[in-house]
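Each chain gets a letter, A, B and so on, in the order the sequences are listed, and its residues count up from 1. Computed from a prediction, not measured in an experiment: that's the story for all the values here.
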Protein chains: 2
Amino acid sequence: MGTLADEIEKYIKKMLDVSLKGFLEVKRNDLAAMFLCVPSQINYVLETRFTNEQGYHVESRRGGGGYLRIIKLGVKPGDDLLTLVNSTIGKMISQQSGEGLINRLEEEKFLTKRESVLIRAIIDKNSLGLNQPEQDLLRARILRSVLISLLREDL
Amino acid sequence: MGTLADEIEKYIKKMLDVSLKGFLEVKRNDLAAMFLCVPSQINYVLETRFTNEQGYHVESRRGGGGYLRIIKLGVKPGDDLLTLVNSTIGKMISQQSGEGLINRLEEEKFLTKRESVLIRAIIDKNSLGLNQPEQDLLRARILRSVLISLLREDL
DNA sequence: GATGTTTTGACCTTTACTGACCTTTAATAT
DNA sequence: ATATTAAAGGTCAGTAAAGGTCAAAACATC
């Protein structure tokens, strides 16, 4: 039943559940061979079903010994940080809004003092440089990946 | 596990840890024989994993009685992080070199695990976007201001 | 049949590994 | 002393082994 993409999705999720480490490491080619499809099909599944919004973070390495690592984000039930992050950071974000978010996350103890100082330093217009609107786009990309990376369950 | 290069890296690091002198002296041919690879593989490992940014210095001698000497550059207390940062980060810095520096600072306990994960996310090419050489310029600016922000007295 | 989703394949980039050839140093022979 | 040989390590280009991208084709839905 379902599409091939659905099958691959189910398989990955099952493997993630079984794994004790909170992440799964596989070779793209192996997965493709297992499901008799082209390797890029795996990327399609990851892009459509393992996004940040859906609570996953994917990293990879190319070259000999390369791999895909699919990491489950540890989002605590109740205060949905992921939702907050996603609703506050769109395609672009101003320095002001960014700082607002950081302040809030610091107050809520998701970020330490040092971490928030560090992140404020990055999203400062002087560190980023660039003109508008590129600066706001860049700030959004950076802020999103930084916060998502801190949600990793294996941390 | 990983690749042959990873194995060799692990072996050298273990030997360094065990050694009381802070450096390790080996024969390139012996190492190659031990790992059943060509001698130039050893150079590959040294070039990719024992760079200056990563806190190592390699010296060698050719000819009869030749050797490789791998020296760990510890950061002594009292050493100035600012000097280290400035000497490592120039006008531009690649993702690889940046990660090398972060790894080193984490190992030396200047950064917590979370902080290093966070900074790695920032300097990732996918967060930064842009093409070369703008990306390497931006990475240098950001990395410098992030690390310097952590030197604040009140942290 | 228009629209959205899935599947495929051709081409690209990154990382690991190998081997042929080169340079330097020490030991030995003349 | 000098020349020769042996014993190291260095370099670089080429090949192999991964994963990434993007657009077109196929399929599904309404």
Participant: Has the side chain of Ser116(B) got a donor or acceptor atom that lies under 3.5 Å from a matching backbone atom of Leu111(B)?
Facilitator: no

Participant: In whole angstrom, give the distance that lies between atom CG of Asn43(B) and atom C1' of dT15(C).
Facilitator: 16 Å

Participant: Find which nucleotide of DNA chain C each of Cys37(B) and Gln96(B) is nearest to by heavy atoms, and output the residue with the more 5' nucleotide.
Facilitator: Gln96(B)

Participant: Rounding to a whole Å, what distance do you find between Phe35(B):CZ and dT18(C):P?
Facilitator: 13 Å

Participant: Please give, in whole Å, the distance from dT24(C) P to Glu59(B) CD?
Facilitator: 18 Å

Participant: For Gly63(B), answer base if it contacts any base atom (sugar-phosphate contacts may also be present), sugar-phosphate if it contacts only those atoms, and nothing otherwise; contact means non-hydrogen atoms under 4.0 Å.
Facilitator: base

Participant: What nucleotide, of dT8(C), dG9(D), dC17(C), holds the atom closest to the side chain of Lys27(B)?
Facilitator: dG9(D)

Participant: Classify the nucleic acid contact of Gly64(B) as base, sugar-phosphate or nothing, counting any heavy atom under 4.0 Å across all strands shown.
Facilitator: base

Participant: For the side chain of Arg28(A), counting heavy atoms from C-beta on, which of dG9(D), dG19(D), dC17(C) is nearest?
Facilitator: dG19(D)

Participant: Among the nucleotides dG19(D), dT6(C), dT15(C), which one has an atom lying closest to any side-chain atom of Leu68(A)?
Facilitator: dG19(D)

Participant: Taking only the side-chain heavy atoms of Arg49(B) (C-beta and beyond), determine which of dA16(C), dT5(C), dG20(D) contains the nearest atom.
Facilitator: dA16(C)

Participant: Per the atom types in the model, does the base of dT23(C) pair as donor or acceptor with the side chain of Arg62(B) at under 3.5 Å?
Facilitator: yes

Participant: Counting only N and O atoms by type, is there a donor-acceptor contact under 3.5 Å from the side chain of Arg69(B) to the main-chain atoms of Glu59(B)?
Facilitator: no

Participant: Has the side chain of Arg141(A) got a donor or acceptor atom that lies under 3.5 Å from a matching backbone atom of Leu128(B)?
Facilitator: yes

Participant: I want to check something: taking the side chain as every heavy atom from C-beta on, are Glu9(B) and Phe50(B) in contact at a cut-off of under 4.5 Å?
Facilitator: yes

Participant: Over how many whole Å does the gap from Asn29(A) atom CG to dA18(D) atom C1' extend?
Facilitator: 7 Å

Participant: Hey, does Leu4(B) reach any base, or is it just sugar-phosphate, or nothing, if we go heavy atoms under 4.0 Å?
Facilitator: sugar-phosphate

Participant: Rounding to an integer number of Å, can you tell me how far Lys125(B) NZ sits from dG20(D) C1'?
Facilitator: 9 Å

Participant: Whole angstrom is fine here: how far is it from CG in Leu46(A) over to P in dT6(C)?
Facilitator: 14 Å

Participant: Look at the side chain of Tyr44(A) and decide which nucleotide, out of dT7(C), dC17(C), dT15(C), has an atom nearest to it.
Facilitator: dT7(C)

Participant: Which whole-number value in Å describes the distance from Tyr67(A) OH to dA16(C) C1'?
Facilitator: 14 Å

Participant: Output yes when Lys72(B) and Glu107(B) qualify as a salt bridge under the 4.0 Å nitrogen-oxygen rule, no when they do not.
Facilitator: yes

Participant: Rounded to whole Å, how long is the line connecting atom CD of Glu47(A) with atom P of dG19(D)?
Facilitator: 15 Å

Participant: Examine the base of dG9(D) for any acceptor or donor lying under 3.5 Å from a partner atom in the side chain of Ser40(B), and report the outcome as yes or no.
Facilitator: no

